[in-house]
Amino acid sequence: MNPVSAALLIWYKNNKRILPWREITDPYHIWISEVILQQTRVNQGVDYYLRFVEQWPDVKQLASASEQEVLKMWQGLGYYSRARNMLVAAQEIVNKYNGLFPRSADELKKLKGIGDYTAAAISSIAFDEPVAVIDGNVFRVLSRLFNEETAIDSSAAKTTFRMLADSLLDKSNPGEFNQAIMEFGALHCVPKNPDCRTCPLQDSCLAFALKKVDQLPVKKNKIKIRKRFLHYFIFLQKEQQQCYTLLKYRGSGDVWQGLYDFPCIESDRILSIAELDHEQLFTAIKAVATEIIPIPGIRKHILTHQHLTAKFYVVKCKNGFEHLKNNSLSLVSQTELGNYPLPRLIDQFLHENENLFDNC
DNA sequence: AAGGCGTGGCC
DNA sequence: TGGCCAAGCCT
């Protein structure tokens with residue numbers, strides 16, 4: 001075996017974290033954990049994993065869930081297409097694969113939401129297929145070990161780094177090796193200020209010899225940020241001793257697809273009441289409102305590619321909501337609100353204004 | 001193939 | 001503080 005590979009396996013044996021999906025090889029559990037960990041840190045994902053597999057212990061039970069249930073379980077984790085795709089893939093596995101996971105990476109990749117990385121992770125960990133995983137950790141470790149300056153977000157990166165990863169892969173224990181190199185990247189060969197002084201691979205690391213550790217990996221894309229300004233309207237109406245509000249279903253083509261928030265006016269800056277008066281929705285609101293109460297202050301919500309600024313208004317109503325309802329607006333009681341998947345921004349707002357419905 | 005998609009943690 | 005980053009995938 002390659003001495004670097006052997007050193008990685010020894011390091012892993014001594015340093016790996018105890019995690020709920022370690023030491024098991026059931027493909028369903030490996031799959032759930034891998035999807036949760038896409039672009040997500042272990043600490044953020046572990047509780048979600050435990051709740052998820054408790055609610056749906058196998059692929060057949062997940063396949064019978066509704067999209068809203070799965071998104072509710074995913075609420076707060078982000079990248080919600082992962083949850084929607086998992087439901088589709090679970091149904092595919094039940095209907096086309098008789099409830100049995102495909103065993104090869106090539107076959108796994110045909111499933112919705114399973115790409116190169118996740119396919120390799122499942123097939124190597126659950127089925128011992130000798131395929132190397134390439135994720136952000138592997139890019140970093142390999143670029144430093146081999147002084148590989150190909151930008152990791154270029155189209156050439158896949159080919160280049162696959163050669164390097166395959167050259168190290170321990171084909172007799174691919175699942176263990178793949179987890180070892182990822183864990184090493186996550187815990188030791190970290191992006192900023194790695195402790196090269198105590199690195200078990202120091203003698204083999206070209207970047208260390210060349211004093212280029214802090215310059216690798218190379219990445220070319222810079223993040224562009226879109227600023228958005230949202231005016232949310234929380235309708236309140238009492239009907240038969242119950243308090244109701246209006247939730248907006250967020251369709252495709254924007255952030256939070258499949259989740260619910262409140263009816264909203266978006267603009268290129270925060271508008272005053274007088275300026276809102278020119279908006280069509282606001283005209284409709286005035287038709288049903290007895291009172292429009294601004295919630296003091298504005299709320300900043302920072303996403304990776306968007307900076308959101310939100311202003312909230314309570315709209316007290318005597319009349320019905322008939323003027324406003326359409327197929328993306330639902331009348332929801334305060335009790336039912338908990339069943340709806342909400343973006344973090346909305347969920348936090350509701351938690352910080354728990355008495356909102358009191359004066360309904 | 002370049003851009004869209006969340007949230008939280010780090011310094 | 002704000003910018004970068006995290007076990008990627010889809011279009």
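Letters go in sequence order (proteins before strands), and every chain restarts at 1.
- Listed pair A:Arg344 / B:dG8 meets the phosphate criterion, a side-chain N or O lying under 4.0 Å from OP1 or OP2.
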Output, in order, the C-alpha distance, side-chain angles, deciding distance and verdict of ring-ring contact (aromatic ring centres under 6.0 Å, His included) for A:Trp256 and A:Tyr80. CA-CA 7 Å; A:Trp256 300 328; A:Tyr80 298 96; 8.3 Å; no
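- Residue-to-nucleotide contacts include a donor-acceptor pair under 3.5 Å from the side chain of A:Arg41 to the base of C:dC5.
- Residue contacts shown for A:Arg22 include a base, since a base heavy atom lies under 4.0 Å away.
- With C:dA7, B:dG8, B:dC5 as the candidates, the nucleotide lying closest to the side chain of A:Gln306 is B:dC5.
- Nearest nucleotide to the side chain of A:Trp256, out of B:dC5, B:dG6, C:dC9: B:dG6.
- Here the nucleotide nearest the side chain of A:Pro191, chosen from C:dA6, C:dC9, C:dA7, is C:dA6.
- Projected onto DNA chain B by closest heavy-atom contact, A:Lys224 and A:Gly76 fall at different nucleotides, the more 5' of which corresponds to A:Lys224.
- Looking at heavy-atom distances under 4.0 Å, A:Thr118 makes contact with sugar-phosphate atoms alone, never a base.
- As judged by a 4.0 angstrom heavy-atom cut-off over every strand, A:Asn193 is placed among residues making no nucleic acid contact.
- Here A:Ile114 lies in heavy-atom contact (under 4.0 Å) with sugar-phosphate atoms only.
- Checked for salt-bridge contact, A:Glu129 and A:Arg103 miss the test: no charged N lies under 4.0 Å from a carboxylate O.
- Among the protein residues, A:Trp21 comes within range of the nucleic acid bases, having at least one heavy atom under 4.0 Å from a base atom.
- Contact of the A:Tyr28 side chain with the A:Leu62 side chain is registered, since non-hydrogen atoms from C-beta on lie closer than 4.5 Å.
- Straight-line distance from the CG atom of A:Leu77 to the P atom of B:dG8: 9 Å, rounded to whole Å.
- Distance from the side chain of A:Lys192 is smallest to C:dC4 among C:dA7, C:dC4, B:dC5.
- Between A:Tyr79 and A:Lys112, the residue anchored closer to the 5' end of DNA chain C is A:Tyr79, taking for each the nucleotide with the nearest heavy atom.
- In this structure, CG of A:Leu303 is placed 18 Å from P of C:dC5, rounded to the nearest angstrom.
- Of the candidate nucleotides C:dG8, B:dG8, C:dC5, C:dC5 has the atom lying nearest to any side-chain atom of A:Lys219.
- B:dG4 and C:dC4 have their P atoms separated by 16 Å, given to the nearest Å.
- Within the nucleic acid shown, A:Gly45 has no heavy atom closer than 4.0 Å to any nucleic acid atom.
- Here the nucleotide nearest the side chain of A:Leu19, chosen from B:dG8, C:dG8, C:dA7, is C:dA7.
- For A:Gln39 and C:dG8, the shortest distance from a side-chain N or O to OP1 or OP2 is below 4.0 Å.
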Intermediate values then yes/no, ring-ring contact (aromatic ring centres under 6.0 Å, His included), A:Tyr232 and A:Tyr313: CA-CA 6 Å; A:Tyr232 276 117; A:Tyr313 294 86; over 10 Å; no
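- Between C:dT11 and B:dG6, the distance separating the two P atoms is 14 Å to the nearest Å.
- A salt bridge links A:Arg228 with A:Asp254: the closest approach of a Lys/Arg side-chain nitrogen to an acidic carboxylate oxygen falls below 4.0 angstrom.
- Comparing A:Gln44 and A:Ser155 against DNA chain B, the residue whose closest nucleotide sits nearer the 5' end is A:Ser155.
- Considering only heavy atoms from C-beta on, A:Leu8 comes within 4.5 Å of A:Phe177 through its side chain.
- Comparing A:Ala186 and A:Gly113 by the nucleotide of DNA chain C that holds the closest heavy atom to each, the one mapping nearer the 5' end is A:Ala186.
- Within the 4.0 angstrom heavy-atom criterion, only backbone atoms of the sugar-phosphate kind lie near A:Arg140; the bases stay farther away.
- For A:Gln348, the side-chain atoms get nearest to B:dG8 when compared with the rest of B:dG6, C:dA7, B:dG8.
- To the nearest whole angstrom, the two C1' atoms, one in C:dA7 and one in B:dG3, are 22 Å apart.
- Contacts of A:His307 with the nucleic acid, taken as non-hydrogen atoms under 4.0 Å apart, are absent.
- Among the protein residues, A:Asn178 comes within range of no part of the nucleic acid, since none of its heavy atoms lies under 4.0 Å from any strand.
- Across B:dA1 and C:dG8, the matching C1' atoms stand 16 Å from one another, rounded to whole Å.
- For B:dG6, its base sits under 3.5 Å from the side chain of A:Thr40 at one donor and acceptor pair at least.
- Salt-bridge formation is not detected for the pair A:Arg140/A:Glu148: no Lys NZ or Arg NE/NH1/NH2 atom is positioned less than 4.0 Å from an Asp or Glu carboxylate oxygen.
- For the pair A:Ile223 CD1 and C:dG2 C1', the computed distance is 11 Å after rounding to whole Å.
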